[in-house]
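Read the structure below first, then the notes.
When a residue number appears, it is its place in the shown sequence, counting from 1.
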Amino acid sequence: DDAGVIFEVVEDYTGIIRKVPIDAWLYKIDMAVFGVEPTVWMKHLYHPLLTDWMALAYGIFFIVPMFLGVALCLRGRGADFREMATAVMLQMWIGFFLFIVFPAGPPRYYDPLRHGEFAAKIPSLIGINDWLQGTWDTYDPLLVRSAFPSLHCSYGLMTILYAWRFGDGEIGRAHV
């Protein structure tokens with residue numbers, strides 16, 4: 001499928017622009033800003049049900065903008081839909097370009113944390129986290145090079161901003 005092909009292409013090009021991943025640099029920034037790596041700090045909030053809920057929320061990152069797109073289409077707002085669809089595509093391509101320029105993996109794969117704080121498996125109550133993590137790891141052969149910037153977060157933020165901007169029904173704000 002398309003996502004798998006794109007990640008394979010990213011793998012071919014990662015290392016041409018920057019041979020060394022920036023994980024250590026990002027870790028140092030987290031430590032300087034927060035005094036702790038945020039995902040390590042959050043471990044005290046872990047609960048198996050919350051882990052599954054958050055995994056599900058993380059897992060639907062790509063379909064969330066589609067919900068807004070469908071709502072726009074059903075309301076006959078083709079121009080708004082095209083604007084948002086263009087923004088999604090630009091965001092995707094900019095993200096993949098940045099994966100190549102700034103290769104970094106998720107904190108759970110950063111070696112000092114992988115063999116430290118993340119050596120133990122994150123608890124999952126009904127297995128949603130386990131299933132999705134296995135799916136992501138199978139999909140993405142670049143476990144240590146395709147996490148920065150987070151397209152999961154950027155798609156969610158973009159959807160919220162467009163829902164607010166397009167308003168009238170999506171979030172209750174008048175059309176701007």
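In terms of the ring-ring contact (aromatic ring centres under 6.0 Å, His included) criterion, Phe97 has no residue partners (sequence neighbours excluded). Applying the side chain to side chain donor-acceptor pair (under 3.5 Å) criterion to Ser124, with sequence neighbours excluded, gives Asp52. Phe81 pairs by the ring-ring contact (aromatic ring centres under 6.0 Å, His included) definition with nothing, not counting sequence neighbours. For the side-chain contact (heavy atoms from CB on, under 4.5 Å) test, residues two or more places apart in sequence or in another chain that qualify with Leu161 are Leu157. Annotation: side-chain contact (heavy atoms from CB on, under 4.5 Å) contacts of Lys43 (sequence neighbours excluded): Tyr46, Glu117. The side-chain contact (heavy atoms from CB on, under 4.5 Å) test applied to Tyr27 returns Met31, Glu37, Tyr110, Leu113, not counting sequence neighbours.
Taking the side chain as every heavy atom from C-beta outward, Leu151 and Phe99 approach each other to under 4.5 Å.
The salt bridge (Lys or Arg N to Asp or Glu O under 4.0 Å) contacts involving residues 83-101 comprise Glu83-Arg165, where partners must be two or more places apart or lie in separate chains. Counting only residues at least two apart or in different chains, salt bridge (Lys or Arg N to Asp or Glu O under 4.0 Å) contacts with residues 53-73 are absent.
Cluster partners of Leu50, by chain and number: Trp53, Met54. The rule joins Ile, Leu, Val, Met, Phe, Trp and Tyr whenever side-chain heavy atoms lie under 4.5 Å apart.
To the nearest 0.5 angstrom, Trp25 atom CH2 is 10.5 Å from Asp30 atom CG. One finds the CG atom of Leu68 at 10.0 Å from the OH atom of Tyr162 (value rounded to the nearest 0.5 Å).
Summarising the geometry of Asp23 relative to Ala104, their closest heavy-atom pair is OD1-CA, 3.4 Å, with the distance given to 0.1 Å.
When hydrophobic clusters are built by joining Ile, Leu, Val, Met, Phe, Trp and Tyr residues whose side-chain heavy atoms come closer than 4.5 Å, directly or via intermediates, Leu45 is grouped together with Val36. Residues Ile94 and Phe102 share a single hydrophobic cluster, defined by chaining ILVMFWY side chains whose heavy atoms lie under 4.5 Å apart.
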Do any side-chain atoms of residues 85-92 form donor-acceptor pairs under 3.5 angstrom with protein atoms, and if so which ones, sequence neighbours left out?
from  : atom 1 : to     : atom 2 : distance (Å)
Thr86 : OG1    : Arg82  : O      : 2.8
Gln91 : NE2    : Ser154 : O      : 2.8
Gln91 : NE2    : Ser154 : OG     : 2.9

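Partner of Pro48 under the side-chain contact (heavy atoms from CB on, under 4.5 Å) criterion, chosen from Leu125, Ile126, Ile128: Leu125.
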